[in-house]
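What follows is a single structure, written as structure tokens, with notes after it.
Throughout, a chain's letter reflects where its sequence line sits, starting with A, and its residues are numbered from 1.
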Amino acid sequence: MSNVAITLPDGSLKHFNGPVTGTELAAAIGPGLEKAALALKIDGEVLDISSSIETDSRVEIITRKSDDALDLIRHDTAHVMAEAVQELFPGTQVTIGPSIENGFYYDFAREEPFTPVDLEKIEAKMMEIIKRDDAFVREVWSRDEAVRHFTDIGEKYKAQLIHDLPAGETITIYRQGDWMDLCRGPHLPSTGHVGKGFKLLKLAGAYWRGDSNNEMLQRIYGTSWRDEKELKAHLDMLEEAEKRDHRRLGREMDLFHFQEEAVGSVFWHPKGWTLFQCLIDYMRQRQNEAGYVEINTPDIMDRGLWEKSGHWEKFGENMFTTEAKEDRVFALKPMNCPGGVQVYNQGIKSYRDLPLRIAEFGKVHRFEPSGALHGLMRVRAFTQDDAHIFCTEKQITDECRIVCQLILDIYSDFGFDDVRIKFSDRPDMRIGSDDIWDKSEAALKSAVEATGLEYSINPGEGAFYGPKLEFVLRDAIGRDWQCGTLQVDLNLPERLDAFYVDTDGEKHHPVMLHRALFGSLERFTGILLEHYAGSLPLWMAPLQAVVATITSDADDYAVEVRDALKASGIRTKLDSRNEKINYKVREHSHAKVPAILVVGQREIADRKVALRRLGGRDQEFLALDDAVARLAKEGVSPSGR
RNA sequence: GCCGCCGUAGCUCAGUGGUAGAGCGCACCCUUGGUAAGGGUGAGGUCGAGAGUUCGAUUCUCUCCGGCGGCACCA
């Protein structure tokens, strides 16, 4: 029997005379670890603690504190839930139940729908199973045996899963007490290790194997943690996220609304529109500085143009059309690019004109499926901060790099410093030859590599006309949002007859880069609201300051203060209502007004104001001029600083 | 689009087979009060829409519309 040398995370070596199990290894290191050991990580692969270590390897013992433990706990919670469901609801078939971010789910096949009350029952049953503390026992079965078994007990989904496993795959079954499930593992030693830090959260429908042609299963989502304290922290986070929900803030702050007559389209209120305009003003200024020109193109254009561009064929299903007079069919633009090319095509372009950066705040309409709509985040009509850069092939890399830099720079003005990039390559549904795609992908890849930024690959997710980069930013409470996009397009310029005259005197098709930084202004507004929890930085707050009087004696002076603020460009309002200052402060704080200037006898006497900032507890007594100057300075957008 | 849940006052929500209630908000009155709710009075609802069952429907059933949570989709 050969010796086995095991390297532990601290670099130390343990020698054994032959293979050892994880349990034996843990015991050899110390009794405390033996007790705490939950699983093994052998050369980066997580395995059951009972697995045996056969050859020299780097091994880590996973305990409850390890990062990898959460995944195991969640996966096991899913198994326990499945057992509970089958105990309570005989006849229910199990399908799959993985761990996911913050929790797990399990998909069941059952005629009758589960109800919220059922969730409570299932939780109670899960507690029983956890208390039983049955060991998770791994068994290796043959394919035929496994298929026969699951078919016999009426688990047709499991039988199907096993049937479809690739040849040569080891088929493992995990038992917990009398219950068993097909599972790759690994698992904790026993159900008791799941603990009490879990909660079932919601019921949902989900297609079998994620395919909308298949039947729909019932999915139960849950969250699971190391202990009740961690669970509580997560539930608190969910509550916080709910408080930040932009739909709620939109109503509370009187920014926008939706109604039946225009499902998926926004009714912007004065305050919301002010915010929206702030963002456009900011972006316009940044783009002007970055060498863009701005255009505007028609919302409704003839079907013929969309046929030529390829939109009609590839995405006509998602386009709104209008049949007006004279037998012509028109479409509301779902994208700005074809219109942009028409502007480019006016007059003859020389290589000297390139790169030509043409921006458009275009409002696009897309027929999104009803189930996809979600507040400002997913709408049927939205405004893009779109631009199309016409350039030569040689300029692609430089232009892409400049766009990437601009995006990151702009995001940081909004407090988004954690940005990831996804590279999406050719989709099945596409136009253009493979040759063109090869070129486009290579060009975009070299551009993203030139930025030095890390990126991940998103296979098959590109636009139908070209590959793209997607910029994903992480908000204040750790959620990811995809916003900006940069696409290389060697197809549309050809389809829509765009040319430039090169140094050789010949006509060539330019390369077109599509890019949007905010993406959808509507969506970005929603993201900002949630990111800032409604407490927007002063420069984009719709109402920046309120002047509030203590008593009516201060009315005249308050008007003066209000006018001074207004004269300095501060969006302000006077509150001289017959209410106590407590009441006024509370109300304007709830409305997320960044600054409240209180004036009473004390301030009138020496022309001061008492400035209170949102979220603060104290006030600051300032000379009127100083307060105005300070707020005016803060009210300038980062693009103007 | 699919599955599930939901739809009662401006908002948040209670409630009932015999045509409705609270808190906040709103209006008016009293109160002139120094930093997150002073007090009183009052107005306000086709109980999402349509059909059915019933002597009678906001309540039960069905259809539709919309919202929410997922799934699928996201040029």
Side-chain angles (χ1 to χ4, degrees), chain A residues 105 107 112-116 118 201-221 245 247-248 251-252 254 257-261 263-264 306 309-319 333-338 364 366-375 377-380 424 427 429-431 461-466 468 470 482 485 487 489 492 514 519-520 523 548-555 576-591 596-603 610-619 621:
Chain A
Y105 67 78
D107 287 347
E112 217 177 309
F114 291 114
T115 67
D118 293 338
L201 295 179
K202 52 198 173 198
L203 292 161
Y207 296 108
W208 165 236
R209 298 197 148 168
D211 186 337
S212 58
N213 295 313
N214 290 344
E215 61 271 39
M216 186 153 276
L217 306 170
Q218 296 189 62
R219 176 173 296 180
I220 303 179
Y221 279 98
D245 189 309
R247 293 164 298 186
R248 174 173 167 161
R251 192 171 48 238
E252 288 172 358
D254 192 18
H257 83 272
F258 291 91
Q259 66 184 51
E260 290 194 30
E261 289 79 358
V263 173
W306 302 107
S309 71
H311 287 85
W312 193 266
E313 187 200 345
K314 301 290 175 192
F315 293 99
E317 285 294 297
N318 300 302
M319 288 167 67
K333 63 178 176 186
M335 291 180 64
N336 299 302
C337 30
V364 296
R366 300 176 182 179
F367 190 82
E368 303 286 0
S370 58
L373 303 176
H374 181 93
M377 303 303 189
R378 191 81 181 271
V379 287
R380 286 180 176 157
S424 300
M429 192 84 129
R430 60 178 184 260
I431 55 175
E461 297 294 318
F464 73 85
Y465 48 73
K468 63 182 176 184
E470 284 163 345
Q482 188 186 303
T485 160
Q487 306 165 7
D489 181 358
L492 274 188
H514 305 238
S520 148
R523 179 177 154 86
T549 52
I550 301 280
T551 69
S552 54
D553 295 345
D555 284 358
S576 54
R577 290 175 303 171
N578 177 12
E579 295 292 352
K580 288 192 173 179
I581 194 62
N582 274 313
Y583 183 91
K584 294 183 185 180
V585 165
R586 180 180 155 86
E587 188 175 279
H588 297 120
S589 298
H590 275 305
I596 302 174
L597 292 82
V598 175
V599 294
Q601 288 301 344
R602 295 212 289 261
E603 288 74 21
L611 178 64
R612 181 195 172 99
R613 299 304 304 257
L614 180 58
R617 283 164 183 259
D618 311 320
Q619 333 57 89
F621 291 90

Let me know the distance between CZ of Arg602(A) and P of rU35(B), rounded to the nearest Å. 8 Å

Arg577(A) has an atom CZ; how far is it from atom C1' of rA37(B), in whole Å? 12 Å

What is the distance, to the nearest angstrom, from the CZ atom on Arg251(A) to the C1' atom on rC68(B)? 12 Å

State which residue, out of His374(A), Arg378(A), Arg380(A), fulfils the side-chain hydrogen bond (donor to acceptor under 3.5 Å, both in side chains) condition with Glu368(A). Arg378(A)

Between rG48(B) and rA14(B), how far is it from one P atom to the other, in whole Å? 14 Å

Counting primed atoms plus P, OP1 and OP2 as sugar-phosphate and everything else as base, spell out the protein contacts along nucleotides 69-75 of chain B at 4.0 Å heavy-atom distance: B, S or - for each nucleotide, 5' to 3'. BBBBBBB

Rounded to the nearest 0.5 Å, how far does CG of Asn214(A) lie from OH of Tyr207(A)? 10.0 Å

Same-atom distance (P) from rG23(B) to rC55(B), integer angstrom: 39 Å

Distance between P atoms of rU61(B) and rC6(B) (Å, rounded): 11 Å

Say you pick atom C1' in rU8(B) and the same atom in rA20(B); how far apart are they, in whole Å? 8 Å

Measure the spacing between CD1 of Ile596(A) and CZ of Arg612(A) and express it to the nearest 0.5 Å. 6.0 Å

Asn336(A) side chain near His514(A) side chain, heavy-atom distance below 4.5 Å: no

Nearest 0.5 angstrom please: Gln601(A) CD to Asp553(A) CG, how far? 5.0 Å

In whole Å, what separates the P atom of rC11(B) from that of rG18(B)? 27 Å

Bracket notation of RNA chain B in which parentheses pair within the strand, [ ] cross earlier pairs, and | pairs with another strand (Watson-Crick or G-U, under 3.5 Å): (((((((..((((....[..)))).(((((.......))))).....(((((..]....))))))))))))....

Output the rounded distance in Å from CG (Asp107(A)) to C1' (rC2(B)). 14 Å

Pairing residues for Phe621(A) by the ring pair (Phe, Tyr, Trp, His ring centres under 6.0 Å) criterion, not counting sequence neighbours: none

If I take atom CG in residue Asn214(A) and atom C1' in nucleotide rG1(B), what distance separates them, rounded to the nearest angstrom? 15 Å

Taken in chain and number order and not counting sequence neighbours, the residues that satisfy salt bridge (charged side-chain N to carboxylate O under 4.0 Å, His left out) with Arg209(A) are Asp164(A)

5'-most contact on RNA chain B: Leu614(A) or Arg380(A), nearest heavy atom basis? Arg380(A)

Quick one: CG on Leu201(A) to OH on Tyr105(A), what's the gap to the nearest 0.5 Å? 15.0 Å

Pick the C1' atom in rU58(B) and in rG7(B), then give their distance to the nearest Å. 12 Å

Scan nucleotides 59-65 of chain B nucleotide by nucleotide, 5' to 3', and note B when protein non-hydrogen atoms come under 4.0 Å of the base, S if they reach only the sugar-phosphate, - if neither. ------S

When rounded to whole Å, the CG to P distance for the pair Asp555(A) and rG33(B) reads 14 Å

With sequence neighbours left out, the residues meeting ring pair (Phe, Tyr, Trp, His ring centres under 6.0 Å) with His257(A) are Phe267(A), His269(A)

Measuring from Arg523(A):CZ to Gln482(A):CD, what's the distance to the nearest 0.5 Å? 7.0 Å

What's the NZ-P distance between Lys584(A) and rU32(B), to the nearest Å? 14 Å

Which distance, rounded to the nearest 0.5 Å, do you find between the CG of Asp489(A) and the CZ of Phe464(A)? 8.5 Å

Which whole number of Å gives the distance between the C1' atom of rU16(B) and that of rA22(B)? 16 Å

What integer distance in Å separates Gln259(A):CD from rA49(B):P? 16 Å

For the side chain of Ser589(A), counting heavy atoms from C-beta on, which of rA36(B), rU12(B), rG33(B) is nearest? rA36(B)

Using the C1' atom as the reference point in each nucleotide, state the distance between rA37(B) and rG44(B) in Å, no decimals. 22 Å

Geometric class of the Tyr465(A)/His311(A) ring pair [parallel <30°, tilted 30-60°, perpendicular >60°]: tilted

Quick one: label Ala610(A) by what it contacts on the DNA or RNA (base, sugar-phosphate, nothing), any heavy atom closer than 4.0 Å. base

What closest approach, in Å, do Ser424(A) and Glu470(A) show between heavy atoms, and which atom pair accounts for it? OG-OE1, 3.5 Å

Identify whether any heavy atom of Glu603(A) sits under 4.0 Å from a base atom; if not, whether one sits that close to sugar-phosphate; answer base, sugar-phosphate or nothing. base

When you check the phosphate oxygens OP1 and OP2 of rU12(B), does a side-chain N or O of Arg248(A) lie under 4.0 Å from one of them? no

